Amino acid sequence: MSASIFSRIIDGEIPSDFIYEDEHCIAIHDINPQAPVHALVIPRKPIRMLVDAQPEDQALLGHLMLVANKVALELGVGEGFRLVVNNGESVGMTIYHLHLHIMGGRTYAEQSMG
Ligand code: AMP
């Protein structure tokens with residue numbers, strides 16, 4: 001199976017500005033934001049989707065959430081944001097490489113995605 005667009009971004013094949021990176025994951029702005037602040041936290045490991053994560057991924061999954069905290073704070077929405085993980089085509093997943101959506105910048109009632 002060919003590499004996902006996120007793997008190609010991680011590998012530098014597709015240029016992208018990283019908001020954050022470390023040895024386990026990167027964070028980038030979503031190209032088609034659904035909220036005033038909409039970023040993605042993406043593990044370097046190409047787990048296809050959440051349901052494919054294994055017990056050995058436990059620390060990585062926790063790390064992604066802590067990075068989401070950091071990124072939300074850095075983007076000025078630390079006091080109010082949502083994390084969304086789409087799992088499967090039926091809920092609108094389009095890129096089959098696990099990622100966390102960080103969405104913030106407006107009130108819950110105004111949010112339309114998820
Ligand atoms: P999902 O529907 O959960 O698979 O979300 C995939 C997300 O990736 C969507 O919100 C897209 O807007 C976003 N996206 C697709 N291509 C890129 C890209 N090159 N850079 C940043 N975000 C992207």
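This chain uses plain numbering: 1 for the first residue, then up along the sequence. First listed ligand is number 1; within each ligand, the first listed atom is number 1. The structure presented is a predicted model; accordingly, all values stated were derived computationally and were not measured.
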Backbone of Glu89 reached by a side-chain donor or acceptor of Tyr96 within 3.5 Å: yes

Taking only non-hydrogen atoms of [X], do any sit less than 4.0 angstrom from ligand 1?
X     : value
Ser16 : no
Ile14 : no
Phe6  : yes
Gln34 : no

Part of Val84 with heavy atoms under 4.0 Å of ligand 1, whether side chain, backbone, both or neither: neither

At a non-hydrogen distance cut-off of under 4.0 Å, which region of Asn86 contacts ligand 1 (side chain, backbone, both, or neither)? side chain

Hydrophobic cluster partners of Ile95 (side-chain heavy atoms under 4.5 Å): Ile5, Phe6, Ile9, Ile10, Ile14, Phe18, Ile26, Ile28, Leu40, Ile42

Atom 10 (O) of ligand 1: which of Ile95, Ile42, Asp30 has the nearest heavy atom? Asp30

Would Asp57 and Leu98 count as a side-chain contact (heavy atoms from CB on, under 4.5 Å) if you check the C-alpha gap in whole Å, the side-chain angles of each, and the deciding distance to 0.1 Å? CA-CA 12 Å; Asp57 298 316; Leu98 178 67; over 6 Å; no

Need the ligand 1 atom indices (1-based, order shown) with element for anything under 4.0 Å from a heavy-atom of [X].
X      : value
Gly92  : 2 (O)
Asn32  : 12 (O)
Ile28  : 20 (N), 21 (C)
His101 : 1 (P), 3 (O), 5 (O), 7 (C), 10 (O)

Quick check on the 6.0 Å ring-centre criterion: do His101 and His99 meet it? yes

Would you sort out whether Asp17 and His29 count as a side-chain contact (heavy atoms from CB on, under 4.5 Å), showing the intermediate values? CA-CA 8 Å; Asp17 287 332; His29 290 285; over 6 Å; no

Would you say ligand 1 has an N or O under 3.5 Å from any N or O of Met93? no

Does Ile31 reach ligand 1 with a nitrogen or oxygen that is under 3.5 Å from one of the ligand's nitrogen or oxygen atoms? yes

Compare every heavy atom of [Y] with every heavy atom of [X], then report the nearest pair and how far apart it is.
X     : Y      : answer
Arg48 : Met93  : O-CE, 3.5 Å
Cys25 : Leu64  : CB-CD2, 3.6 Å
Pro36 : Gly105 : CG-O, 3.6 Å

Leu61 side chain near Leu50 side chain, heavy-atom distance below 4.5 Å: yes

